[in-house]
Number of protein chains: 2
Amino acid sequence: MSTSGSKDMSRRHVLGALAALPTLPILPVLFGASVARADDAPPPLPSWNDGPTKQAILDFIHATTDPSSKDFVPAEERIATFDQDGTLWVEQPIYTQIIYCLARVPVLAKANPHLAKVEPFRTVLTGDFEKIAKLSLRDFETIAVATLTGMDVEAFAAEVKAWIAEARDHRWKKLYTELTYQPMQEVLAFFRANGFKTFIVTGGGQDFVRVYSQRVYGIPPEQVVGSALGTKFGYDKAGRPFLTKEPKLLLNDDNAGKPEGIHLEIGRRPHAAFGNSTGDRQMLEYAKAGDGARLSMIVLHDDASREYAYGPARGLPDTRVGRFPQELDDEAKKGGWFIISMKDDWKRIFAFE
Amino acid sequence: MSTSGSKDMSRRHVLGALAALPTLPILPVLFGASVARADDAPPPLPSWNDGPTKQAILDFIHATTDPSSKDFVPAEERIATFDQDGTLWVEQPIYTQIIYCLARVPVLAKANPHLAKVEPFRTVLTGDFEKIAKLSLRDFETIAVATLTGMDVEAFAAEVKAWIAEARDHRWKKLYTELTYQPMQEVLAFFRANGFKTFIVTGGGQDFVRVYSQRVYGIPPEQVVGSALGTKFGYDKAGRPFLTKEPKLLLNDDNAGKPEGIHLEIGRRPHAAFGNSTGDRQMLEYAKAGDGARLSMIVLHDDASREYAYGPARGLPDTRVGRFPQELDDEAKKGGWFIISMKDDWKRIFAFE
């Protein structure tokens with residue numbers, strides 16, 4: 001997948017011209033390797049329906065990677081950023097990291113039995129999802145501090161790694177890491193095959209996502225930007241240095257925090273950005289406002305039967321998680337972003353379908 | 001340079017065995033490509049004198065990249081971190097970024113003439129280095145805020161880019177970017193040729209170093225971790241989004257801040273770390289404390305004739321910049337770090353020599 005659609009076409013054009021020549025034994029030597037690769041490689045984005053959205057991706061890659069293009073970007077400068085929840089994997093009915101935090105509460109209560117008598121932990125331990133959903137933002141912060149801070153960063157990573165290897169969602173009964181969108185996995189691979197560095201820029205915790213990003217998305221931990229708590233350097237009893245996760249928010253990587261986080265950890269404006277909700281708005285604006293060819297794309301969840309449908313743009317139901325209001329729809333149209341309709345643009349949603 | 005010294009030796013052993021065989025036409029086909037590369041490639045680290053320090057680098061690379069080694073590290077996990085000032089380039093008599101800030105004062109004073117009447121700017125504008133050197137830390141903070149904040153991040157990058165392309169140091173009359181240590185450039189290249197991602201982890205400003213890191217060190221901006229100010233997202237009059245550098249210290253990437261910054265922006269413990277002063281101590285401890293083969297190295301500036309000599313370890317003169325006290329020397333020996341003697345380990349210091 002080292003060629004865009006347009007490049008494929010121009011290569012086919014060259015091949016057509018060669019076919020008109022007398023067959024010379026030298027041809028396979030001259031053209032063999034690259035022609036064989038172009039022919040053997042499957043066309044990019046197989047899970048996408050043909051149409052303006054898919055074409056916009058192919059055109060962007062062509063414009064930025066063809067050396068003769070006025071918008072050519074040197075390989076070392078190619079940066080693309082992707083929101084995670086609702087853009088790369090399912091975010092409904094609630095973010096996976098919140099499910100992780102809730103799942104940690106019984107573990108903590110076993111080690112510290114007094115927690116069972118204290119709110120909001122007592123409510124979480126009932127396992128009554130209706131009641132848990134009614135907890136306040138402050139309650140969720142208390143749960144987050146209890147489950148995400150106070151431990152060695154490497155111990156935290158081990159806890160997440162063990163949980164994410166086994167925990168399954170309620171609707172599909174699949175591992176959460178199987179609920180990534182196949183068409184977006186193809187976009188990640190297509191961008192990387194064309195020299196782009198792909199980054200996750202998530203409102204979720206970067207320490208959480210970094211545990212599985214390489215395995216699940218092919219994105220190394222250092223290419224995950226997310227909400228970040230501070231850490232504190234110290235020594236254990238044996239004198240071994242370690243870092244403790246602190247209850248101090250260093251980066252709230254959502255809304256305006258996304259371009260700020262991109263500047264902090266990447267240091268330059270991305271050429272392409274993908275999101276799905278108001279939390280991605282500023283990142284999409286920031287990417288699109290750069291010089292040359294820029295691509296901002298936003299996933300609209302309009303497929304209730306295969307995944308979920310929520311807006312409230314276009315009369316879709318409103319949700320607490322991942323809002324896509326009408327004004328975002330309007331800004332997308334006005335600003336030249338592309339809206340990815342899960343229903344219309346994606347042949348399939350998951351790899352397991 | 002895809003092989004370590006030890007691998008070179010084992011390849012030579014194989015070659016020796018092959019030489020004893022009758023010459024067969026098939027040999028170049030079987031062994032041609034890789035043998036040719038091993039023979040053609042110059043040995044790594046040519047500016048290093050042979051000895052235990054150079055050997056430690058070769059051994060570390062061999063241990064972490066030979067698939068049969070018990071300490072083999074998969075390519076995607078290979079991380080090495082390098083301090084900049086005093087480790088990759090000259091830091092005496094004062095950090096280059098401070099010279100930049102001082103050089104910006106006349107530019108600012110031209111735009112805002114009232115500055116010329118206010119301290120510490122008045123003192124800076126005298127150009128009297130003796131007086132400037134006596135300014136307090138608070139004065140330098142005032143100068144830093146005036147010269148490093150309040151502007152668009154991209155405008156700042158353009159200012160640094162223009163300055164660093166022309167500014168020259170006083171001793172060698174060279175561009176600052178020519179004052180990188182050739183032996184360390186070779187270490188960067190050698191690590192990368194062996195699949196390591198190289199990061200700069202600097203006490204200096206990451207926005208400053210990122211401007212030239214790709215060109216000077218082959219390290220892309222997103223692989224520079226440094227002291228970081230917050231930014232603020234906003235829109236200009238045309239509605240174009242941009243980020244303003246704020247006078248809010250987000251990360252003080254020095255001392256314990258180095259491992260904390262590594263966790264924030266890289267997300268895992270490096271396998272190798274290089275530094276030169278007390279500011280690198282915790283980073284070197286942190287890298288060395290990981291499992292498997294780890295390499296912590298510290299540059300001792302003991303070459304007054306070719307560069308500078310300062311400690312105060314080993315009776316070398318003390319300086320305000322880049323201190324290497326006796327206790328650090330002691331910890332290095334006790335902790336299994338390697339001390340790089342510029343005088344003894346490096347054949348030459350600069351590429352222009």
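Atom CG of A:Asp236 sits in a crowded spot, with more than 12 heavy atoms from other residues, nucleotides or ligands closer than 6.0 Å. A:Gln326 CD: more than 12 foreign heavy atoms inside a 6.0 Å radius. A 6.0 Å sphere centred on NZ of A:Lys161 holds no more than 12 heavy atoms belonging to other residues, nucleotides or ligands.
When heavy atoms are compared at a cutoff of 4.5 Å, A:Ile79 approaches chain B solely by way of its side chain, counted from C-beta outward. Heavy-atom distances place the side chain of A:Glu154, and not its backbone, under 4.5 Å from chain B. For B:Glu285, the parts sitting under 4.5 Å from any heavy atom of chain A are the backbone and the side chain alike. In this structure, the portion of A:Gln214 lying under 4.5 Å from any heavy atom of chain B is its side chain and not its backbone. Looking at A:Lys258, neither its backbone nor its side chain comes within 4.5 Å of chain B, counting heavy atoms on both sides.
Side-chain atoms of A:Lys197 and B:Pro220, non-hydrogen and from C-beta on, do get closer than 4.5 Å to each other. Within the 4.5 Å cutoff, side-chain heavy atoms of A:His263 are placed close to those of B:Asp207. Contact of the B:Leu250 side chain with the A:Leu264 side chain is registered, since non-hydrogen atoms from C-beta on lie closer than 4.5 Å.
To the nearest 0.5 Å, atoms CZ (A:Arg210) and CD1 (B:Ile266) are separated by 9.0 Å. Rounding to the nearest 0.5 Å places CZ of A:Phe233 at 10.0 Å from CG of B:Asn255.
Here B:Arg269 is the residue among B:Lys288, B:Arg269, B:Glu77 with the most heavy-atom pairs under 4.5 Å with chain A. Your options are B:Pro221, B:Gly230, B:Gly226, B:Gly267, and the one with the most heavy-atom pairs under 4.5 Å with chain A is B:Pro221. Of the residues considered (A:Ala228, A:Pro259, A:Gly234), A:Pro259 shows the highest number of contacts with chain B, using heavy-atom pairs under 4.5 Å.
The existence of a salt bridge linking B:Glu260 and A:Lys232 is excluded, since no basic side-chain nitrogen approaches an acidic carboxylate oxygen closer than 4.0 Å. A salt bridge links A:Glu222 to B:Arg268: one of the charged nitrogens lies within less than 4.0 Å of a carboxylate oxygen.
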Candidate pair B:Tyr235 and A:Gln282, rule side chain to side chain contact (heavy atoms under 4.5 Å, CB included), full reasoning: CA-CA 10 Å; B:Tyr235 304 90; A:Gln282 289 86 346; 4.0 Å; yes

